[in-house]
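Here is the naming used below: chain letters follow the sequence lines, and residue numbers restart at 1 for every chain.
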Amino acid sequence: MRTVTIADVARHAGVAVSTVSYVLSGKRAISATTRQRVLDSVRVLGYHPNAGARALASKRANVIALVLPLRAGMNLPVLMQFATSVVATARQYDHDVLLMTADEGPDGIRRVAASAMVDGLLLMDVEVRDTRVPLLRDLAEPSVLIGFPADAEGLTCVDLDFHRAGAICAAHLAERGHREIALLGAPGVVYERGTGFAERTRAGFLAEATERDLHAVAVPCAETYDEVASAVKLLFDAHPGLTGVVVHNEAAVGHVLGALRALGRAVPEDVSVVAICPDDIAERARLTSVLIPAEELGREAVRLLMAKLDGLPAGSILLEPRLTIRESTR
DNA sequence: ACTACGCAGCCAATGACATC
DNA sequence: GATGTCATTGGCTGCGTAGT
């Protein structure tokens with residue numbers, strides 16, 4: 001059976017092709033009776049617009065690219081929260097999402113953008129010196145970054161204010177009377193790569209600790225139980241007076257708690273723990289935490305990209321972190 | 001003023017035909 | 001036979017306008 005085109009709908013409804021187009025796009029007023037006749041024909045014939053033809057005529061693909069590197073040390077559940085939120089929000093703006101991983105490198109981004117396959121790009125896991133950033137400046141298509149590169153001039157970026165997040169955690173522990181605190185961060189490779197959020201959390205944490213005259217250390221943290229356990233043991237061997245720990249590593253949170261238990265240190269009686277992680281993880285373990293608002297970040301990123309597609313100015317956004325106090329700190 | 005129509009144009013792929 | 005030129009094709013959008 002031949003696919004149904006807009007011409008079939010027009011014939012069936014007894015109107016012009018352009019009238020059908022206007023009914024469907026809503027860009028011009030069409031009388032209620034004509035409108036209903038067209039919509040009935042659409043339903044009866046089972047018409048769906050041809051995306052290729054629509055892109056040809058409108059110069060809009062109604063597709064955005066989500067560039068997601070899937071590098072070592074990334075936390076997949078959090079990444080999926082972002083991706084889900086991006087796809088759902090894009091649908092609200094009548095856009096679909098093309099998922100790109102990093103295997104193809106900058107060439108892949110260039111190819112997809114230059115071929116008019118997508119109208120705009122969303123980049124996740126942006127590094128401080130991201131090689132993709134210079135490319136984005138040259139591209140005709142608008143883009144939004146989730147994460148901040150070193151030089152964000154002329155770019156639209158969205159992120160949680162991780163510097164503040166690190167500081168808030170240190171401040172909370174200080175207010176609860178802790179004098180010696182530690183940050184267990186992302187895996188080492190993440191710092192070596194220059195991923196902004198990891199570095200900024202550490203900087204904010206250490207700066208706030210210095211400000212409040214605390215003794216503070218920050219160490220990277222792997223994700224298998226054995227590695228976490230030995231890191232935690234080393235930490236307490238080196239700093240026996242440690243009573244406050246901030247964990248900025250979703251995958252390691254559970255292991256850190258297990259390792260503390262194994263060392264005979266009770267939470268929160270002996271050690272207070274603050275996590276920077278999605279709410280569901282913190283909720284499950286009743287941890288005091290700063291939420292990573294993946295859902296909101298994805299939504300805001302799409303919103304900004306859509307604004308840019310409409311030619312509107314779109315400034316960068318830093319979301320203010322919020323601390324939720326649960327049972328793991330005292 | 002309002003409604004709906006006609007038609008040019010969007011761009012890459014393909015076919016028809018001419019030239020080397 | 002390979003190569004070049006040009007018109008046509010596809011589904012849809014949106015400007016300009018005819019008919020009330």
Side-chain angles (χ1 to χ4, degrees), chain A residues 1-68 83 86-123 132-145 154-156 299-314:
Chain A
M1 201 181 80
R2 217 178 101 267
T3 53
V4 180
T5 70
I6 199 170
D8 298 324
V9 176
R11 211 175 304 118
H12 189 268
V15 299
V17 165
S18 54
T19 304
V20 177
S21 175
Y22 284 125
V23 166
L24 295 177
S25 70
K27 290 184 179 174
R28 273 199 193 178
I30 299 286
S31 70
T33 49
T34 307
R35 216 179 90 80
Q36 198 50 56
R37 258 210 332 281
V38 169
L39 291 177
D40 287 345
S41 296
V42 164
R43 193 165 31 76
V44 170
L45 299 177
Y47 167 77
H48 287 279
N50 181 303
R54 171 177 277 181
L56 180 63
S58 66
K59 299 175 173 177
R60 285 277 202 116
N62 279 20
V63 176
I64 59 173
L66 177 61
V67 189
L68 207 158
V86 165
V87 171
T89 311
R91 280 311 307 152
Q92 289 175 12
Y93 289 92
D94 198 26
H95 280 247
D96 285 288
V97 177
L98 176 76
L99 182 63
M100 298 184 67
T101 54
D103 344 313
E104 235 185 314
D107 283 350
I109 296 178
R110 208 176 277 117
R111 175 179 65 84
V112 165
S115 62
M117 201 184 291
V118 300
D119 303 322
L121 302 106
L122 228 53
L123 280 84
R132 301 171 296 177
V133 165
L135 169 63
L136 293 180
R137 288 205 167 89
D138 289 343
L139 242 42
E141 286 73 14
S143 53
V144 172
L145 316 189
L155 300 172
T156 303
R299 203 170 56 226
E300 287 302 298
V302 172
R303 194 178 61 74
L304 286 174
L305 186 57
M306 293 300 147
K308 288 180 97 169
L309 283 173
D310 291 339
L312 301 170

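Here the C1' atom of nucleotide dA4(B) and the CZ atom of Arg37(A) are 11 Å apart, to the nearest Å. Look at CG on Leu45(A): it is 16 Å from C1' on dG11(C), rounded to the nearest Å. Asp8(A) places its CG atom 9 Å from the P atom of dC12(C), with the value rounded to the nearest Å. The distance between atom CG of Asn50(A) and atom P of dG11(C), rounded to the nearest whole Å, is 7 Å. In this entry the distance linking CD1 of Ile30(A) with P of dC5(B) reads 8 Å, nearest Å. The distance from atom CZ of Arg11(A) to atom P of dA4(B) is 20 Å, rounded to the nearest whole Å.
When atom types are taken as modelled, the side chain of Asp8(A) and the backbone of Thr5(A) share a donor-acceptor pair closer than 3.5 angstrom. Asp119(A) places a side-chain N or O within 3.5 Å of a backbone atom of Ala61(A) that can act as its donor or acceptor partner. Of the possible donor and acceptor atoms, one in the side chain of Thr156(A) sits under 3.5 Å from a partner among the backbone N and O of Ala314(A).
Between dG11(C) and Thr5(A), no contact under 4.0 Å exists linking OP1 or OP2 to a side-chain N or O.
The two residues Leu123(A) and Leu121(A) come nearest to each other via the heavy atoms CD1-CB, 4.0 Å. The two residues Ser41(A) and His12(A) come nearest to each other via the heavy atoms OG-ND1, 2.7 Å.
Here Ala29(A) lies in heavy-atom contact (under 4.0 Å) with sugar-phosphate atoms only.
Salt bridge annotation for Arg37(A)-Asp40(A): absent, with no cationic side-chain nitrogen under 4.0 angstrom from a carboxylate oxygen.
Checking dA4(B), dC11(B), dC5(B) against the side-chain heavy atoms of Ala16(A) singles out dC5(B) as nearest.
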Heavy atoms under 4.0 Å is the rule here; annotate nucleotides 13-20 of chain C 5' to 3' with B where the base is hit, S where only the sugar-phosphate is, and - elsewhere.
BBBB----

